[in-house]
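In this chain, residues are counted from 1 in sequence order. Fair warning: this is a prediction, and the values are worked out from it, not measured in the lab. Ligands are counted one by one from 1 in listed order, and the atoms in each one are counted from 1 as well.
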Amino acid sequence: MAIDSVLSSPLGPPACGKDAKALQFIEEMTRNADSVQEKVLAEILSRNAETEYLRQFQLGGATDRDNFKSKIPVVIYEDLQPMIQRTSAGERKLIPTIHEELDRRQLLYSLLMPVMNLYVPGLDKGKGLYFLFVKAETKTPGGLLARPVLTSYYKSDHFKTRPYDPYMVYTSPNEAILSADSFQSMYTQMLCGLLQRQEVLRVGAVFASGLLRAIRFLQVNWKQLVDDIEQGILNPRVTDPSIRECMSKILKPRPELAEFISKECSGENWEGIITRIWPNTKYLDVIVTGAMAQYIPTLDYYSGGLPKVCTMYASSECYFGLNLKPMCKPSEVSYTIMPNMAYFEFLPHDPSAPPLSPDSPPRLVDLADVEVGREYELVITTYAGLCRYRVGDILRVIGFHNSAPQFKFIRRKNVLLSIDSDKTDEAELQKAIENASLLLREFNTSIVEYTSYADTKSIPGHYVIYWELLVKDPANSPSHDVLNQCCLAMEESLNSVYRQGRVADNSIGPLEIKVVKNGSFEELMDYAISRGASINQYKVPRCVNFTPIMELLDSRVVSAHFSPAGPHWTPERRN
Ligand code: AMP
């Protein structure tokens with residue numbers, strides 16, 4: 001289709017015929033949000049009618065909303081865990097999926113560039129430098145493959161044999177993305193990005209933390225990369241034969257480029273390094289909403305304030321939707337849930353309301369019926385079999401596109417600490433503290449109070465745990481070494497996503513314990529009360545991120561300790 005005959009879209013003039021179709025699809029879906037949702041629910045219920053899970057609720061073949069809502073309970077992961085455990089075991093959450101789900105994800109991906117092209121022209125004139133990674137996969141005892149959702153996608157034919165699209169050309173070869181060795185993968189992706197520096201129009205990773213990890217990698221490894229570019233020979237640490245073969249076709253001696261990179265990287269000042277090395281970059285494509293907002297200042301520093309584009313909102317359970325105004329400020333980002341992805345319901349979230357009781361089941365609202373300004377917890381029913389499953393994300397409605405609501409991501413429930421894809425909740429932190437405190441017993445020492453903080457000032461970021469100790473026998477107080485071991489004991493009891501980040505991906509730095517003076521937590525309480533907290537109801541926050549509170553705690557630190565080694569982590573069984 002010629003450009004001038006392209007259908008115009010209420011979202012803006014499409015860049016090409018393919019984009020016109022994608023924008024039209026978005027219009028259709030969002031105009032008919034409620035009827036699409038009704039159809040999706042009927043489709044899911046009729047397809048899955050014979051599943052053991054649905055049969056127990058005796059829908060009797062009904063596929064309508066009323067029957068569904070009155071008969072099927074709202075659940076959380078823990079409710080489903082016994083069923084999931086029948087085919088799998090392990091501590092990481094495992095979410096069922098089906099092959100066809102890849103098509104749905106691909107469909108959502110295919111909508112992102114057409115929207116982007118409305119705002120940034122000329123993205124077909126260059127490439128994207130994206131740092132994308134696969135992780136090790138395992139087999140469950142029941143024989144099912146278990147791997148992160150993005151690993152499934154990158155390893156699928158949808159990604160590997162994607163047709164050429166001038167708007168989606170990456171500098172990273174598939175061979176590098178698909179290497180499970182994170183060093184070799186990152187090294188090659190960075191090298192390819194440097195070799196094609198003038199062609200790069202956008203730089204990205206899935207989350208902000210991933211892009212910062214790449215910058216850190218460049219800081220540590222630029223000399224070797226420069227050597228490779230100068231001599232046209234790939235570093236022998238990259239041993240993967242498919243990468244070596246692919247790079248042998250690309251790598252030629254380029255002394256001038258090597259000299260340029262060396263000059264930029266050898267300086268002390270890395271401010272604006274992204275735009276210095278990749279001068280044609282128009283934006284950073286990374287998620288900076290939710291827990292990732294903590295990385296915005298660092299990204300701004302390294303990129304000289306390039307726009308940060310959050311294109312989509314997704315999870316292992318389901319891909320939800322996309323941002324229709326991708327060039328907006330991070331604080332204004334909203335995601336439009338695409339009604340074809342799953343059946344969506346919304347649990348009104350009112351922190352001041354009494355907790356839900358099992359006798360009065362919550363009233364869930366449909367996608368088209370949510371109200372602007374209100375907050376909800378997202379509940380999904382997916383083609384892959386999750387029914388009325390609480391995702392744990394809290395969203396606020398900030399407007400509508402046609403009849404589809406647009407949501408601002410507020411937070412994930414119960415996550416205290418997060419550096420990369422790790423999510424540590426209050427119970428996990430408490431358990432880790434208890435395990436570490438066992439090491440203090442023989443020193444007659446106990447932990448009086450604790451709180452925590454995700455320190456992302458350095459890359460990779462790390463968990464900081466503040467401890468106030470009661471040392472009953474000062475002559476025999478725990479040594480520096482013992483406290484270092486406490487850091488490791490905490491790490492050992494954190495979940496496997498955390499430990500994998502520490503050991504296999506190096507995306508999380510060693511955990512730090514800062515011991516504070518006695519009485520520091522009382523001062524913390526005084527401070528909170530002076531700011532209006534109730535004395536009766538005051539609870540020690542188990543995570544702090546308010547600068548004055550951190551300053552107060554930091555000024556009371558008497559010693560700091562780091563984990564001396566990586567915690568135990570191995571993929572259960574490798575393919
Ligand atoms: P996972 O299943 O480990 O990939 O984590 C999915 C979760 O990551 C979601 O439920 C959200 O809590 C969070 N998440 C995903 N996309 C975004 C986004 N665009 N903004 C904020 N948080 C997000």
**OP:** Work out which heavy atom in Leu395 is nearest to a heavy atom in Phe346; give both atom names and the distance.
**Re:** CD1-CE2, 4.5 Å
Subject >> Axial cation check for Phe131 ring with Arg213, 6.0 Å and 45° limits >> reply: no
Original post:
Contact residues of ligand 1 with a heavy-atom cut-off of under 4.0 Å?
Top reply: Ile287, Thr289, Gly290, Met312, Tyr313, Ala314, Ser315, Ser316, Tyr335, Val391, Asp393, Phe409, Arg412, Lys423
**OP:** Kindly compute the distance separating CG (Leu111) from CG (Leu322), expressed to the nearest 0.5 Å.
**Re:** 6.0 Å
Original post:
Atom CG in Asn402, atom CZ in Phe400: separation rounded to 0.5 Å?
Top reply: 11.0 Å
Original post:
In a check of side-chain hydrogen bond (donor to acceptor under 3.5 Å, both in side chains) between Asn174 and each of Arg162, Lys160, Lys155, which one passes?
Top reply: Arg162
Subject >> Phe183/Phe217 aromatic ring centres below 6.0 Å >> reply: yes
